[in-house]
J.: 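I am attaching a structure below and will ask some questions about it afterwards.
If you read the sequence from its start, that first residue is 1, and numbering goes on from there.
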Amino acid sequence: TVPGAKYIRIVIEKFELENGFDYLSIQDGKGVESEKISGAGVNYLTEYVEGETVKLKFTSDTTLTKWGYAIKQIDVIK
């Protein structure tokens, strides 16, 4: 949460999730999902979420463990 923000996005430095079974869900402050990512990538920019809060929800089926994810930074437009 960033007080006064109009839009927020997350820069994910790296992610490696079990494709099709483990997900990162990008949500606004009310829990409305704007996108869902799976698989692997580097320097991934999420879509901007409107408002002061962005939520990242990780879901896993726990059958296969991959590297995970690392957040690099949060970008804010005020």
Side-chain angles (χ1 to χ4, degrees):
T1 299
V2 179
K6 292 184 180 177
Y7 299 95
I8 303 175
R9 75 175 172 192
I10 299 171
V11 180
I12 302 171
E13 182 175 18
K14 175 183 175 182
F15 67 95
E16 185 181 347
L17 310 172
E18 184 182 7
N19 194 26
F21 295 96
D22 296 349
Y23 299 94
L24 284 176
S25 171
I26 313 306
Q27 304 174 355
D28 67 12
K30 296 177 183 175
V32 176
E33 184 177 85
S34 62
E35 68 182 294
K36 192 179 204 179
I37 60 175
S38 188
V42 293
N43 294 320
Y44 184 85
L45 301 173
T46 68
E47 296 176 17
Y48 276 102
V49 171
E50 188 172 355
E52 296 181 337
T53 301
V54 62
K55 296 178 181 181
L56 187 91
K57 181 179 177 184
F58 174 65
T59 304
S60 174
D61 69 354
T62 69
T63 59
L64 182 61
T65 304
K66 295 280 189 167
W67 185 85
Y69 63 94
I71 296 172
K72 183 176 184 176
Q73 68 187 43
I74 306 293
D75 292 339
V76 177
I77 297 177
K78 289 192 173 191

J.: List the residues meeting ring-ring contact (aromatic ring centres under 6.0 Å, His included) with Y23, not counting sequence neighbours, and say none if there are none.
T.: none
J.: Side-chain contact, heavy-atom cut-off 4.5 Å: T63 with F21?
T.: no
J.: Applying the side chain to side chain contact (heavy atoms under 4.5 Å, CB included) criterion to V54, which one of V2, D28, I10 satisfies it?
T.: I10
J.: Is a side-chain donor or acceptor of E52 paired with a backbone partner of G4 at a separation under 3.5 angstrom?
T.: yes
J.: Please name all residues satisfying ring-ring contact (aromatic ring centres under 6.0 Å, His included) with Y7, sequence neighbours left out, ordered by chain then number.
T.: none
J.: My understanding is that only residues two or more places apart in sequence, or in another chain, count here; which of them pass side chain to side chain contact (heavy atoms under 4.5 Å, CB included) with T62?
T.: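 T62 satisfies side chain to side chain contact (heavy atoms under 4.5 Å, CB included) with S60 only.
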J.: Is D22 reaching over with its side chain to a backbone N or O of D61, donor-acceptor style, under 3.5 angstrom?
T.: yes
J.: Hey, could you give me the CG/OH distance between L56 and Y69, rounded to the nearest 0.5 Å?
T.: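 Going from CG on L56 over to OH on Y69, the span is 5.0 Å.
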J.: Not counting sequence neighbours, which residues clear ring-ring contact (aromatic ring centres under 6.0 Å, His included) with Y44? List them please.
T.: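 Y44 satisfies ring-ring contact (aromatic ring centres under 6.0 Å, His included) with F15 once adjacent residues are dropped.
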J.: Out of curiosity, Q73 CD to E13 CD, how far, rounded to the nearest 0.5 Å?
T.: 10.0 Å
J.: List for me each residue that meets salt bridge (Lys or Arg N to Asp or Glu O under 4.0 Å) alongside D75, sequence neighbours excluded, and say none if there are none.
T.: R9
J.: Would you give the length of the straight line joining atom CD of E16 to atom OG1 of T65, rounded to the nearest 0.5 angstrom?
T.: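 Result: 11.0 Å between the selected atoms.
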J.: Is it true that I77 and V11 fall in one hydrophobic cluster, defined by side-chain heavy atoms closer than 4.5 Å?
T.: no
J.: I need the K55 NZ to K30 NZ distance, nearest 0.5 Å.
T.: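 The NZ atom of K55 sits 11.0 Å away from the NZ atom of K30.
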J.: Is F58 linked to I74 within one hydrophobic cluster, defined over Ile, Leu, Val, Met, Phe, Trp and Tyr using a side-chain heavy-atom separation of less than 4.5 Å?
T.: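 As far as the 4.5 Å side-chain criterion goes, I74 and F58 are connected within one cluster.
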J.: How close do V49 and S34 get, counting heavy atoms only, and between which atoms?
T.: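 It is CG2-OG, 3.8 Å.
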J.: Among the clusters formed by ILVMFWY side chains lying less than 4.5 Å apart, do I37 and Y48 turn up in the same one?
T.: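 No.
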J.: Which heavy atom of G20 sits nearest to which heavy atom of S38, and what is that distance?
T.: N-OG, 2.9 Å
J.: Please say which of K36, E35, K57, E33 ends up in a side chain to side chain donor-acceptor pair (under 3.5 Å) with S25.
T.: E33
J.: Report the C-alpha distance between E47 and I26 in whole Å, list the side-chain angles of each, state the deciding distance to 0.1 Å, and finish with yes or no for side chain to side chain contact (heavy atoms under 4.5 Å, CB included).
T.: CA-CA 8 Å; E47 296 176 17; I26 313 306; over 6 Å; no
J.: Just wondering, do L24 and T46 contact through their side chains at under 4.5 Å, heavy atoms?
T.: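 No. Closest side-chain heavy atoms not under 4.5 Å.
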J.: Among all residues two or more places apart in sequence or in another chain, which pass the side chain to side chain contact (heavy atoms under 4.5 Å, CB included) test with K6?
T.: none
